[in-house]
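See structure below.
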Amino acid sequence: MSSVNDTKFNSVVFLLTGIPGQEYVRFWISIPFCLIYVISIVGNSIILFIIKTDPTLHEPMYIFLSMLAITDLGLSISTIPTTLGIFLFNSREISLDACFAQLFFIHSFSYIESSVLLLMAIDRFIAISNPLRYASTLTPPRIARMGLFFVLRSVALNIPLPFLLKRFRYCRANVLSHSYCLHQEVMKLACSDITVNSIYGLSIKLLTVGLDSLLIFLSYVMILKTVLNVASRAECLRALNTCVSHLCAVLLFYTAGIGLSVIHRFGNSSSHSFEILLAYVYLLVPPLMNPIVYSVKSKHLCARVIKMFIK
């Protein structure tokens, strides 16, 4: 009997969902999704190429921007196979192991992105509060160590997720609400007690996204305090203007992310459509908008992008 159950467990597949009720126009829906992915990948790749090839951009702010671009590429690549598979080929099935691997990468890159946004907030605080020591404080080796720490933190906290899910038997409806796998949704399909998964998932969310967002908020409180002490109104506005791109990135990422977490845990059936919309905004919009916002707000970067295409 045990072997039969094990066979059932190993042969389980999940069915992913694109946009419910819109299956008959899925090909037309795939066009904007393809454009979003192309713009995201090309845009972030261009940012990385320009920063790597232009020595004048080898400054802390642009190094952090390159880290954000790498993370956005990782997020886009993690969701491309299943999302486009559904809309282009109506390929909804995903095996257990592939689903667990995908949710590991999605959650890992999401938490890394949160950490990079925190590092960028710290970068803005140091640049505004102590500009004379900016370059000596944020040296490339120190930036590399900080980046490595947050990558290891994210990977270490997310590695248990696939193993915690693998121990379950899935005997309920195997249909997922999104076009990719998320831990908080997959665990609800188990016919076992999911208390440990629920507590662990919430704990790592608070330790990463929760803690990072709090520290970002405190960083901006300190930035405002520093800026308000500046005598000149022009200098005050100039200092705040350097934070606009980062604030846009923070709002794009955290608004959708926090909203999605709240709906997953406390939402009802009436909020299902809004949940699907937020899920796409959370994972697709930041990688799309970050290179555009930073290219527009950074004159040097914008000039290099224009020069690259005019050539």
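Small disclaimer: the values here were computed from a predicted structure and weren't measured.
- The CD1 atom of I94 lies 12.5 Å from the OH atom of Y180; values are rounded to the nearest 0.5 Å.
- Taken to the nearest 0.5 Å, the CD atom of E185 stands 4.5 Å off from the CG atom of L176.
- Taking SG of C99 as the start and CG of L182 as the end, the distance is 8.5 Å to the nearest 0.5 Å.
- Side-chain polar atoms of E275 and S177 form no donor-acceptor pair below 3.5 angstrom.
- T208 places a side-chain N or O within donor-acceptor distance of the main-chain N or O of I204, the cut-off being under 3.5 Å.
- One finds the CD1 atom of I63 at 10.5 Å from the CG atom of L57 (value rounded to the nearest 0.5 Å).
- Looking only at distances, a side-chain donor or acceptor of N174 sits under 3.5 Å from a matching main-chain atom of V13.
- Within the 4.5 Å cutoff, the side chain of P291 has no heavy atoms near those of the I39 side chain.
- For the pair T226/F125, a side-chain contact is recorded, criterion being any heavy-atom separation below 4.5 Å from C-beta on.
- In this structure, the side chain of S213 engages the main chain of G210 through a donor-acceptor pair within 3.5 Å.
- Side-chain contact, S95 with D97: no donor N or O sits under 3.5 Å from an acceptor N or O.
- Between R167 and V196 there is a side-chain heavy-atom pair separated by less than 4.5 Å.
- In this structure, NZ on K307 lies 8.5 Å from CG on D54, to the nearest 0.5 angstrom.
- In this structure, the side chains of F14 and L96 come closer than 4.5 Å at one or more pairs of heavy atoms.
- S179 and Y280 form a side-chain donor-acceptor contact under 3.5 Å, judged by distance and modelled atom types alone.
- Using a 4.0 Å cut-off between a side-chain N of Lys or Arg and a carboxylate O of Asp or Glu, R153 and D212 qualify as a salt bridge.
- Ring pair Y62/H300 is perpendicular by interplanar angle, where above 60° counts as perpendicular and below 30° as parallel.
- A donor-acceptor pair is defined here as one N or O able to donate and one able to accept, closer than 3.5 Å; such a pair exists between the side chain of S30 and the backbone of F27.
- In this pair, F168 and Y170 present their aromatic rings perpendicular. The plane angle is above 60°, beyond the 30 to 60° band.
- Taking CD of E113 as the start and CG of L68 as the end, the distance is 5.0 Å to the nearest 0.5 Å.
- Side chain of N130 to backbone of I126: no donor-acceptor contact under 3.5 angstrom is found.
- Side-chain N or O atoms of S115 include one that pairs as donor or acceptor with a backbone N or O of Y111 at under 3.5 Å.
- Checking each of V38, T83, I80, T79 against F33 for a side-chain contact (heavy atoms from CB on, under 4.5 Å) leaves exactly one that passes, namely T83.
- Judged purely by distance below 3.5 Å, without hydrogens or angles, the side chains of H246 and Y220 pair a donor atom with an acceptor atom.
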